[in-house]
Amino acid sequence: NCTIVNNHSIFYSGGGIGYWSSSDNHQLINSILWNNTINSDDSMGSQIYHNDGSSTLLVSYCDIEYGEQNIIVTSSGILDWNVGNISLDPLFTYSENEDFTLSPNSPCVDAGTSDLDDDGINDILDYNGQAPDIGAFESYIQLEDLGDVNQDGWIDIGDVVAMVVI
């Protein structure tokens, strides 16, 4: 679970991640790569550069800006664009202030996987909601929101009335 944001590569690709190796396979799971840049007018390849001989890069349950087309795989390397990947604005809480936690309506909330090695056994056990979030920061329920039953932004008599009606 990584969040890789606002990086710049002096090369022509791999602003977020650059893999240079001979034969190792790599996995990227439950991660966000967003707003990474390169020294080129073309933004393709700005998120991941995989120059790795005959190895495989497996990507699953990730939010990658511009999706699969923003990953450059060279030589005889293989990109395994697996399940659960999205290319939607992660809706960070306050990215302008370097707060890369997820807002409550982020498409990354509950969109990850807890089974990292695809063996049917959950490897991540500590998360909120239906599934782990994509990215480094797990979202949480704010306690002050729990009593706001009618979701009007206030905890008041209207919430009691809403509970009685339910």
Side-chain angles (χ1 to χ4, degrees), residues 1-9 13-19 25-38 40-50 56-73 77-155 159 162:
N1 290 52
C2 297
T3 298
I4 302 171
V5 179
N6 295 342
N7 295 289
H8 179 75
S9 172
S13 57
I17 296 175
Y19 291 106
N25 292 324
H26 307 281
Q27 295 182 4
L28 185 64
I29 303 172
N30 291 346
S31 298
I32 299 171
L33 282 93
W34 209 263
N35 201 37
N36 298 297
T37 59
I38 56 176
S40 173
D41 292 334
D42 183 8
S43 65
M44 294 305 100
S46 63
Q47 301 307 319
I48 300 174
Y49 178 73
H50 186 254
T56 298
L57 170 61
L58 176 124
V59 179
S60 57
Y61 296 95
C62 291
D63 187 5
I64 299 178
E65 187 175 28
Y66 303 117
E68 184 177 3
Q69 67 185 16
N70 212 353
I71 300 173
I72 292 179
V73 178
I78 299 166
L79 173 62
D80 184 354
W81 187 258
N82 214 311
V83 298
N85 295 312
I86 59 176
S87 180
L88 301 169
D89 185 341
L91 300 176
F92 296 121
T93 301
Y94 192 45
S95 60
E96 297 81 17
N97 203 27
E98 297 186 5
D99 178 357
F100 300 112
T101 57
L102 302 174
S103 65
N105 56 340
S106 168
C108 297
V109 172
D110 291 346
T113 182
S114 59
D115 183 8
L116 301 177
D117 52 9
D118 205 24
D119 65 355
I121 299 171
N122 291 338
D123 301 300
I124 300 174
L125 302 175
D126 186 20
Y127 57 86
N128 300 313
Q130 302 294 318
D133 296 342
I134 293 175
F137 305 104
E138 184 69 21
S139 61
Y140 60 93
I141 298 171
Q142 296 184 13
L143 292 178
E144 62 268 13
D145 293 340
L146 291 177
D148 187 13
V149 177
N150 64 2
Q151 299 179 349
D152 65 355
W154 298 94
I155 298 174
D159 299 304

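All values reported here derive from a predicted model rather than from experimental measurement.
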| remark: To the nearest 0.5 Å, atom CG of Leu88 lies from atom CH2 of Trp34 at 6.5 Å

| task | Kindly indicate whether the side chain of Leu79, heavy atoms from C-beta on, has any atom under 4.5 Å from the side chain of His50. | result | no

| said: I'd like to check the side chain to side chain contact (heavy atoms under 4.5 Å, CB included) partners of Asn97; sequence neighbours left out, ordered by chain and number. | reply: Tyr94

| said: I'd like to know if the side chain of Asn36 reaches the main chain of Asn7, judged simply by a donor and an acceptor atom lying under 3.5 Å from each other, with no hydrogens or angles considered. | reply: yes

| task | Scan for ring pair (Phe, Tyr, Trp, His ring centres under 6.0 Å) pairs involving residues 114-139, sequence neighbours excluded, and state none if there are none. | result | none

| message | Suppose we screen for side chain to side chain donor-acceptor pair (under 3.5 Å). Which residues come up paired with Asp133, at least two apart in sequence or across chains? | response | Ser139

| query | Going by heavy atoms in the side chains, are Ile124 and Asn30 under 4.5 Å from each other? | reply | yes

| To the nearest 0.5 Å, how far apart are CD in Gln69 and CD in Gln47? | 11.0 Å

| query | side chain to side chain contact (heavy atoms under 4.5 Å, CB included) with Ser106: which residues, sequence neighbours excluded? | reply | Leu91, Leu102, Ser103, Cys108, Val109

| Identified side-chain contact (heavy atoms from CB on, under 4.5 Å) partner of Ile134 from the options Asn1, Asp63, Ile29, Thr113 | Asp63

| query | Is any side-chain heavy atom of Asp123 less than 4.5 Å from a side-chain heavy atom of Asp115? | reply | yes

| message | Can you pull out every ring pair (Phe, Tyr, Trp, His ring centres under 6.0 Å) where at least one residue sits in residues 105-126? Sequence neighbours excluded, please. | response | none

| message | So which atom in Ile121 and which in Asp119 form the shortest heavy-atom distance, rounded to 0.1 Å? | response | N-OD1, 2.9 Å

| field | Separation between CD of Gln27 and CG of Leu58, rounded to the nearest 0.5 Å | value | 5.5 Å

| request: Return the set of residues passing side chain to side chain donor-acceptor pair (under 3.5 Å) with Glu138 (not counting sequence neighbours), or none when no residue passes. | output: none

| query | Which residues satisfy the side chain to side chain contact (heavy atoms under 4.5 Å, CB included) test with Ser95, sequence neighbours excluded? | reply | Phe92, Phe100

| field | Results of side chain to side chain contact (heavy atoms under 4.5 Å, CB included) for Ile78 - residues two or more places apart only | value | Thr56

| Expected output: side-chain Thr3 to main-chain Gly135 donor-acceptor under 3.5 Å | no

| message | Given 3.5 Å as the limit, does a donor-acceptor pair link the side chain of Ser87 with the main chain of Ile64, or not? | response | yes

| task | Could I get the full list of side chain to side chain donor-acceptor pair (under 3.5 Å) partners for Asp99, not counting sequence neighbours? | result | Thr101

| task | Kindly indicate whether the side chain of Val59, heavy atoms from C-beta on, has any atom under 4.5 Å from the side chain of Asn85. | result | yes

| Partner residues of Asn6 under the side chain to side chain donor-acceptor pair (under 3.5 Å) criterion, sequence neighbours left out | Asn35

| query | Can you tell if the side chain of Val83 reaches within under 4.5 Å of the side chain of Tyr61, non-hydrogen atoms only? | reply | yes

| task | Report yes or no: do Asn82 and Ser60 form a side-chain donor-acceptor pair below 3.5 Å? | result | no

| Partner of Ile48 under side-chain contact (heavy atoms from CB on, under 4.5 Å), chosen from Leu28, Ile4, Ile72, Asn70 | Leu28

